[in-house]
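Here the structure is laid out as structure tokens; the discussion comes afterwards.
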Amino acid sequence: MDDVRRLIPRTDALLADERFVAAASRVGRERVKAAIGAAQEAARAGRIAPGDVAETALAGLAHVGGRAVLNATGVILHTNLGRAPLSAEARRAVAEAAGCTDVELDLATGRRGARGRDAMAALAAKVPDAGGVHVVNNNAAALVLAATALAAGREIVIARGELVEIGAGFRLPELLESTGARLREVGTTNRTTVRDYASVLGPETGFVLKVHPSNYRVVGFTSEAAPRELAALCREADVPFVGDIGSGLLAPDRVLPDEPDAATWLRAGADLVTASGDKLLGGPQCGLLLGRADLVERLRRHPLARALRVDKLTLAALEASLLFPTPTAESLHADPSVLRARAESLAAALRADGLDAHACDSVAVVGGGGAPGVDLPSAAVSLPASYAAPLRTGTPAVLARLDNDRCLLDLRALPPTHDPNLLKAIRQCT
Ligand SMILES: *Cc1c(COP(=O)(O)O)cnc(C)c1O
């Protein structure tokens with residue numbers, strides 16, 4: 001241990017290094033010292049080699065706002081990696097929007113314009129079945145807004161099999177109740193019929209909510225009320241029918257036949273559909289509210305809407321993600337034989353360097369609490385397990401998947417443009 005400590009470069013020696021002198025002129029000496037201290041601590045704790053202290057500290061200084069990670073997990077929407085990655089077009093739009101923009105100005109007249117009108121128009125064009133569209137911070141915010149505006153002090157009718165925990169300990173029932181609405185649970189965990197809903201509708205009903213069980217499946221002796229049946233029931237009772245589809249598919253996708261989409265639920269008669277922007281839609285974190293024009297307008301004008309409103313960066317990223325292909329869609333639709341060819345070519349290049357690398361078949365998933373139980377055929381580069389840790393702490397960082405005694409680099413969630421970066425990152429580990 002003491003030997004290791006002696007090998008750790010000293011702070012004054014590093015501060016005199018021209019790379020750190022340059023960094024200090026950019027970000028200040030205090031931040032440079034803090035980054036060096038953190039890297040030295042990592043070396044003392046054995047997390048990095050003493051010889052990597054300088055590189056680690058420099059990498060820490062180069063990455064304000066999070067370090068870039070190559071997602072080689074085979075999980076397309078990785079929650080811990082920030083769900084959907086943005087396309088190059090969306091990143092450019094965010095960079096452009098970071099300055100002053102016409103987000104709330106009509107340049108033609110010089111007057112105030114509707115906030116984010118281009119993003120809203122792009123969304124409306126993608127979901128022609130929605131009379132109105134609105135965007136808030138995330139799907140949880142969309143549900144809170146709907147519950148507050150339509151059901152505070154009254155009841156939200158929901159099936160017992162759809163009382164979802166969405167992750168990190170957040171439970172939809174508690175979220176909804178935090179608005180002052182009461183939950184009126186119907187049916188059982190595995191079976192709920194439209195009659196169960198019909199028997200509780202009345203003057204206390206704020207709306208009926210159907211939640212897509214996006215991160216689990218109820219199998220076996222099950223039944224649930226279809227959106228079309230619930231829509232008909234709600235129309236008759238004159239209460240809104242709200243559907244939380246979760247994943248944000250705007251239209252059906254052949255790869256995920258069981259995943260609900262906004263167009264289908266709206267056509268089935270849902271008055272309001274809520275969804276996330278950073279799941280299968282492939283955009284920035286946000287929550288979509290799509291549906292009947294009068295309801296959406298009511299939500300948009302509710303005082304709480306201001307507290308949930310999205311910033312101009314989100315609007316820019318959303319608009320671009322609606323107009324251009326997203327990395328999420330490309331990963332979802334990638335041809336397994338093309339993935340295999342990429343894996344073969346990467347493995348061959350690594351073998352030529354003398355590495356124990358080979359291509360293998362793999363299984364990817366949607367992740368991010370979407371399409372549970374759906375396996376997507378994929379391909380991976382297989383390396384010895386000892387590569388996983390140095391890949392994770394390298395630059396760029398690479399997150400792999402461990403499978404028995406191998407480190408698998410699954411290519412489905414990794415855009416092909418990153419293959420050279422992946423090769424570079426692996427070579428740095430040798
Ligand atoms: C993911 C999910 C949510 C939460 O969405 P956020 O955008 O993370 O707030 C809510 N409901 C369902 C069904 C989901 O899948």
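Numbering of ligands and ligand atoms starts at 1, following listing order.
Applying the 6.0 Å contact sphere to CZ of Arg182 captures more than 12 heavy atoms from other residues, nucleotides or ligands.
Under the side-chain contact (heavy atoms from CB on, under 4.5 Å) criterion, Thr179 pairs with Val144, Ala147, Thr148, Ala181, sequence neighbours left out.
Formation of a donor-acceptor pair under 3.5 Å by the Glu162 side chain with backbone atoms of Val211 is found in this model. Of the possible donor and acceptor atoms, one in the side chain of Lys210 sits under 3.5 Å from a partner among the backbone N and O of Ala225. A donor-acceptor pair is defined here as one N or O able to donate and one able to accept, closer than 3.5 Å; no such pair exists between the side chain of Arg392 and the backbone of Leu399. Asp244 places no side-chain N or O within donor-acceptor distance of the main-chain N or O of Ala140, the cut-off being under 3.5 Å.
Listed by chain and residue number, the protein contacts of ligand 1 are Arg83, Asn138, Asn139, Ala140, Ile166, Val211, His212, Ser214, Asp244, Gly246, Ser276, Lys279 (heavy atom within 4.0 angstrom).
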